[in-house]
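The structure appears right after this line, and notes come after that.
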Amino acid sequence: MKIYNTISRKKEEFNTIHKGIVNMYVCGPTTYNFIHIGNARPMVVFDTFRNYLASIGYQVNYIQNYTDVDDKIINKSKEEGIGPLELAAKYIEEYRKDANSLRVKEATFHPKVSENIEEIIEFIDTLIKKGFAYEVEGDVYFDVRNYKPYGKLSGKNIDDLKSGARVEIGDKKRSPLDFALWKTAKEGEINWVSPWGNGRPGWHIECSTMSMKYTKSPTLDIHGGGQDLIFPHHENEVAQSEGYTGKPFVNYWMHNGFITVNKEKMSKSLGNFFLVREILEKFSGEVIRYFILSSHYRNPIDFNDGALVESEKSLTKLMTAYNNLEKLINDNRDNQNDILENEFTKIEEKIEKALQDDFNTALAFSFFFDGSKIVTKAIKENLYNQKGLEKAFSIFKKYLVDILAVLPFEKVEEEVLEGDDNGTFNKVMEILLDVRNMARKDKNFAYGDLIRNELTKLDIEIIDTKEGSTWKKK
RNA sequence: GGCGACGUCGCCAAGUGGCUAAGGCAGAGGUCUGCAAAACCUCCAUCCCCGGUUCAAAUCCGGGCGUCGCCUCCA
């Protein structure tokens, strides 16, 4: 297994600290809003990696935090007129709904900041005692100058950073690079009692504290997140964690690329984001998941409606093959030909090779398109037997259903036409189709085609199948 | 300005030294269908530019040009 490590900028052979166990931490959401498709990428990507690692025999201890104490939450809670923790709880619920739609499974632990304050205070206190942090008027800052390797993850050096750093008016920090571990509470803000007065944790400290607590280990095997977290968030985590333990914090740093819109980064501050909630109205979660996994996780992907339409079509192709296999699986055909078994043995090897190489999910998918072709051909030409079917089906199931989790899926139902309140329109359409089919039965195709053509002009498509005729809005 | 990533068919996207440069979408042709749709089959690129290393480069090195990200909350 090879994994690209941000800190070395190379693919490295993956070895865990404890044999057979992976301790993996991925930065979770700050829960003050619905999530957008950009937030969905790390969720989907790391969920998939977790599934894969489990499939090759690791016990994966997967931790994802919920940041429920934060400036943005405090501000939003004022707007919505409810308490910050209440607001966070509400959006955690919403987050879980979206995660569920995207087939992202629960982590082993989902620790919250508000439930780990005691540990955070202990962590900060130790940093002060070790000389890595200092207190000023109720605030506590990490002293970057005292942590020499600062910058090793993001490849920056302290002097460059200093010259470009923003100095805020009234800043109490000794150096502009120092970051807050503990913030004094402003009037009326949520706060906890600490040795430095009432306040709350800074942003970075939670990840260090909770990752160590829930893995019971000073060193993580894998720490993941979006590329934009490399600096300063992850850099700061390294500093405070290694300051605290004196041991390496993370063995493999993994960072996913961005989702862009018209080649521009999607972000809340730019306002060019699409909520997962909105997209789910038009496409199923599996389609979104396929869209994300059909590029390598470190590459940028550009989001647009067309891309999802394309993803849906591609996925439909795989779905068709999967359905065909499922239908025939109990056929008990006794045939000497073992083409499916042979081909799918080879396909599985290729898939494994792809996933072993820094989780190349895009490449893995391509083998399923080849596989689908083979399935179709074998069925059509009657060149299959029970063993072959079972082999092919088990490969589809293992990877597409369980690990990549994009099958089975259902297309999101087309909405009924505007202005249709109680199904009247659907009934009218039914009548129209009945009339047309009566005409077709009488071989009066001119009438039938007239109806079809006129409806086509209204963007309504008629589809004839053996079972009957249906329609959909284009 | 500092650091980093990337540039492969009309679009998306694998491939990082050597068989015919994967796969998907779109397009073309065909099978099927009363006609359509769906499904299925077939076809469709020498890799941004220039120079170098090598028996051999999309793949390594140098130089351009271009795109994007981080350096401020952000997945």
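Note that the structure is a prediction, hence the values are computed from the model and not measured. The chains referred to below are lettered A, B, ... by the order of the sequence lines, with proteins before strands, and numbering in each begins at 1.
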Checking base pairs now: Watson-Crick or wobble, both atom distances under 3.5 Å. What partners [N]?
N: B:C40; result: B:G30
N: B:A22; result: none
N: B:G17; result: none
N: B:C6; result: B:G66

Quiz item: What parts of residues 28-45 of chain A reach RNA chain B, counting only heavy atoms under 4.0 Å away?
Solution: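 Within residues 28-45 of chain A, the residues near RNA chain B are A:His36, A:Gly38, A:Asn39, A:Pro42.
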Exercise. Please list, by residue number, the residues of residues 140-152 of chain A whose heavy atoms come closer than 4.0 Å to an atom of RNA chain B; answer none if no residue qualifies.
Key: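 None - not one residue of the stretch has a heavy atom sitting under 4.0 Å from the strand.
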Tell me whether the side-chain N or O atoms of [X] pair up with the base of [N] as donor and acceptor below 3.5 Å, since no angle test is needed here.
X: A:Glu310; N: B:G24; result: yes
X: A:Asp449; N: B:G34; result: yes
X: A:Lys373; N: B:C40; result: no

Just checking [X]: base, sugar-phosphate only, or nothing, at a heavy-atom cut-off of under 4.0 Å?
X: A:Phe258; value: base
X: A:Arg298; value: nothing
X: A:Ser154; value: sugar-phosphate
X: A:Lys377; value: nothing
X: A:Gly448; value: nothing
X: A:Phe445; value: base
X: A:Asp464; value: base
X: A:Asn299; value: sugar-phosphate
X: A:Asp70; value: nothing
X: A:Lys317; value: sugar-phosphate
X: A:Thr376; value: sugar-phosphate
X: A:Leu229; value: sugar-phosphate
X: A:Lys313; value: sugar-phosphate

Look at the side chain of [X] and decide which nucleotide, out of [options], has an atom nearest to it.
X: A:Asp228; options: B:A75, B:G34, B:A13; result: B:A75
X: A:Trp203; options: B:A75, B:C35, B:C74; result: B:C74
X: A:Lys156; options: B:C35, B:A75, B:C71; result: B:C71
X: A:Ile301; options: B:C70, B:A37, B:A13; result: B:A13
X: A:Arg452; options: B:G34, B:G15, B:C25; result: B:G34

Over how many whole Å does the gap from [X] atom [atom1] to [N] atom [atom2] extend?
X: A:Asn256; N: B:A5; atom1: CG; atom2: P; result: 17 Å
X: A:Asp302; N: B:A75; atom1: CG; atom2: P; result: 19 Å
X: A:Ile379; N: B:A39; atom1: CD1; atom2: P; result: 15 Å
X: A:Asn65; N: B:A75; atom1: CG; atom2: P; result: 11 Å
X: A:Tyr447; N: B:A36; atom1: OH; atom2: P; result: 22 Å
X: A:His223; N: B:A75; atom1: NE2; atom2: C1'; result: 12 Å
X: A:Asn157; N: B:C71; atom1: CG; atom2: C1'; result: 11 Å
X: A:Arg9; N: B:A5; atom1: CZ; atom2: P; result: 6 Å

Quiz item: Taking atom types as modelled and ignoring hydrogens, do the side chains of A:Tyr147 and A:Glu242 form a donor-acceptor contact shorter than 3.5 angstrom?
Solution: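 A donor-acceptor contact under 3.5 Å links the two side chains.
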Quiz prompt | Any side-chain donor near an acceptor of the partner, A:Tyr214 and A:Asn61, under 3.5 Å | solution =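 Checked: A:Tyr214/A:Asn61 side chains show no N/O donor-acceptor pair below 3.5 Å.
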Practice problem: Apply salt bridge (Lys or Arg N to Asp or Glu O under 4.0 Å) to A:Lys391 and A:Glu343, showing your working. | Solution: CA-CA 10 Å; A:Lys391 178 76 184 173; A:Glu343 290 294 333; over 6 Å; no
Quiz item: If you measure from the Lys or Arg side-chain nitrogens to the Asp or Glu carboxylate oxygens, is any gap between A:Lys350 and A:Asp370 under 4.0 Å?
Solution: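 Judged by the 4.0 Å cut-off on N to carboxylate O distance, A:Lys350 and A:Asp370 do not form a salt bridge.
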Practice problem: Quick one: list whatever passes ring pair (Phe, Tyr, Trp, His ring centres under 6.0 Å) with A:Phe393, sequence neighbours left out. | Solution: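 Counting only residues at least two positions away or on another chain, A:Phe393 forms a ring pair (Phe, Tyr, Trp, His ring centres under 6.0 Å) with A:Tyr322.
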Exercise. For atom NZ of A:Lys105, decide whether the heavy atoms of other residues, nucleotides or ligands shown that lie under 6.0 angstrom number more than 12.
Key: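 More than 12 heavy atoms, drawn from other residues, nucleotides or ligands, come within 6.0 Å of this atom.
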Practice problem: Flag yes if more than 12 heavy atoms outside A:Lys353 fall under 6.0 Å of its NZ atom; otherwise flag no. | Solution: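 For A:Lys353, atom NZ is not crowded (no more than 12 foreign heavy atoms under 6.0 Å).
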Quiz item: Which of these, A:Val375, A:Leu328, A:Leu325, sits in a side-chain contact (heavy atoms from CB on, under 4.5 Å) with A:Tyr384?
Solution: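 Exactly one pass, corresponding to A:Leu328.
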